[in-house]
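The structure appears right after this line, and notes come after that.
Each chain gets a letter, A, B and so on, in the order the sequences are listed, and its residues count up from 1.
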Protein chains: 2
Amino acid sequence: MMVGMDEARQHEPRWLSDDEQGVWRAFRQAVGMLNAHTETQLQHDAGMPQAYYEVLVELSESPDQVMRMSDLAIATRSSRSRLSHAVAKMEAKGWVRREACPTDKRGAFAHLTPAGFEAIKAAAPGHVEAVRAAVFDQLTAEQVRMLGEISEAIRDGLRPRCPEVERRLSAEDGDPAAEDGDGDDTGRAA
Amino acid sequence: MMVGMDEARQHEPRWLSDDEQGVWRAFRQAVGMLNAHTETQLQHDAGMPQAYYEVLVELSESPDQVMRMSDLAIATRSSRSRLSHAVAKMEAKGWVRREACPTDKRGAFAHLTPAGFEAIKAAAPGHVEAVRAAVFDQLTAEQVRMLGEISEAIRDGLRPRCPEVERRLSAEDGDPAAEDGDGDDTGRAA
DNA sequence: CAGTTGTAGTTGAGCGCTCAACAAAGAGCT
DNA sequence: AGCTCTTTGTTGAGCGCTCAACTACAACTG
């Protein structure tokens, strides 16, 4: 049991060098502070967390300010659960309206309301200014370019293994201990 | 009302260019996925969130595995409140022990226990491997170097204005609306 | 067509974090 | 000494997120 890690167990772990450790710590610090900064900025000035902001942005850029819940979840890199909770809250605030899908009866659309549009319109300038001041004003053009490349490399490297599939893959190496409740024998109804 | 922002209101906001927006989005995606990845990795393999891991690391590297709560809070870039809650949980798990400070009677030490040391010792290889695979294996040496510089620039640019002081500064520009409950008239007791 | 498998979305419990309020003690001032 | 200001740490409420369970429908299969 406790299979989990495929590597990092039989061989001596590939520890980080001092330089790498320095880079990693600086990165963690920068990301942590930046996140805290933009988070409280948005919460304070616009009364919404950053995650909601990104949902509204995505919706506002969509053809008719409408999106399927699932697509919206993918676009914002959030779980369906998270998005569902989030949209529920934003619906209560009047920023988003839910609508049933006629062709696929389990589906739902999330619709940006005029009030939601106003909310993001009001939030955007302050947020963009905060991002510019914290990031782009601190970097040279060359560094900005590199940050883009670096981010893409990390993101693309993570894409294949990132979704919650993770440990589902580990089942491939012959471990039949699939006791994580996947194949749940739901007592069907109706 | 809705004063808040010092800049980004009288002038037209300095919107991001298309390139900058692309960089910013890739960065957000990378950070979001990376965070989710390491978070679930640690939670899954070691039963602790990343924040606790960093607390244990900081403690384990300290001279006698002891630190003042405040210093520990600063070192981990967390609020006193957060650390207090975290240490409470970790104390319940037997990873940390609290100890009163003899010279300053309001102070407290956080002490890493042997069990805590074992916990982080067990957690480290998997976590380091995840970080290496997600970050350093994806980047060239040059990119790693640049990531360090970029992170330092962002972090150092944020350091002055980052603490919760933020809006306390905005009171300097002549806005007397200090109704955010700062100067709280605590009813003394004895 | 029934039976199975996959997909879309919701729900509630539990957890970590934030925020404001608080208690207790040090530090400075008169 | 007494008074205020500051620092240290804790606490509880509220919130967003995760995780697992669940409903409901769609799509594939024999």
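Going from atom CE of A/M90 over to atom C1' of C/dT10 covers 18 Å, rounded to whole Å. Summarising the geometry, the separation between CG on B/D104 and P on D/dT10 is reported as 13 Å, rounded to the nearest angstrom. If you measure from atom CG of B/N35 to atom P of D/dC17, you get 13 Å, rounded to the nearest angstrom. One interatomic measurement links the two molecules: CG of A/L42 to P of D/dG16, which rounds to 13 Å at whole-angstrom precision. Between A/Q50 atom CD and C/dT18 atom C1' the separation is 15 Å, expressed in whole Å. At whole-Å resolution of the value, CD in B/Q43 and P in D/dA20 are 11 Å apart. Going from atom CZ of A/F109 over to atom C1' of C/dG9 covers 14 Å, rounded to whole Å. The distance from atom OH of B/Y52 to atom C1' of C/dC15 is 8 Å, rounded to the nearest whole Å.
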**Message:** Applying salt bridge (Lys or Arg N to Asp or Glu O under 4.0 Å) to B/E91 and B/K89, what does each step give before you reach the verdict?
**Reply:** CA-CA 5 Å; B/E91 195 169 26; B/K89 285 272 178 188; over 6 Å; no
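Backbone-only contact: A/A51 has heavy atoms under 4.0 Å from sugar-phosphate atoms and none from a base.
Environment of CZ in B/F117: sparse, with no more than 12 heavy atoms of neighbouring residues, nucleotides or ligands closer than 6.0 Å.
Put simply, A/R82 has no side-chain N or O that comes within less than 4.0 Å of OP1 or OP2 on D/dG16. In this structure, B/R68 reaches the D/dG9 phosphate: one of its side-chain N or O atoms is under 4.0 Å from OP1 or OP2. Neither OP1 nor OP2 of C/dC17 sits under 4.0 Å from any side-chain N or O of B/S79. Residue A/R80 places at least one side-chain N or O closer than 4.0 Å to OP1 or OP2 of C/dA8. A/K89 has a side-chain polar atom (N or O) that falls below the 4.0 Å cut-off from OP1 or OP2 of D/dG16. For the pair A/R98 and C/dT10, the criterion of a side-chain N or O lying under 4.0 Å from OP1 or OP2 is met.
Side chain of B/P49, nearest nucleotide from C/dG16, C/dG9, D/dT8: C/dG16. Of the candidate nucleotides D/dT18, D/dG9, C/dG9, C/dG9 has the atom nearest to the side chain of A/M69.
In this structure, B/E129 contributes its side chain and A/P13 its backbone to no donor-acceptor pair below 3.5 Å. No donor-acceptor pair closer than 3.5 Å links the side chain of A/R80 to the backbone N or O of A/A73. Using a distance-only test at 3.5 Å, with no hydrogens or angles considered, no donor-acceptor pair links the side chain of A/E39 to the main chain of A/A36.
Along DNA chain D, the nucleotide closest to A/H85 and the one closest to A/T103 are compared, and the more 5′ of them pairs with A/H85. Heavy-atom distances to DNA chain C give each of A/S81 and A/R106 a nearest nucleotide, and the one nearer the 5′ end belongs to A/R106.
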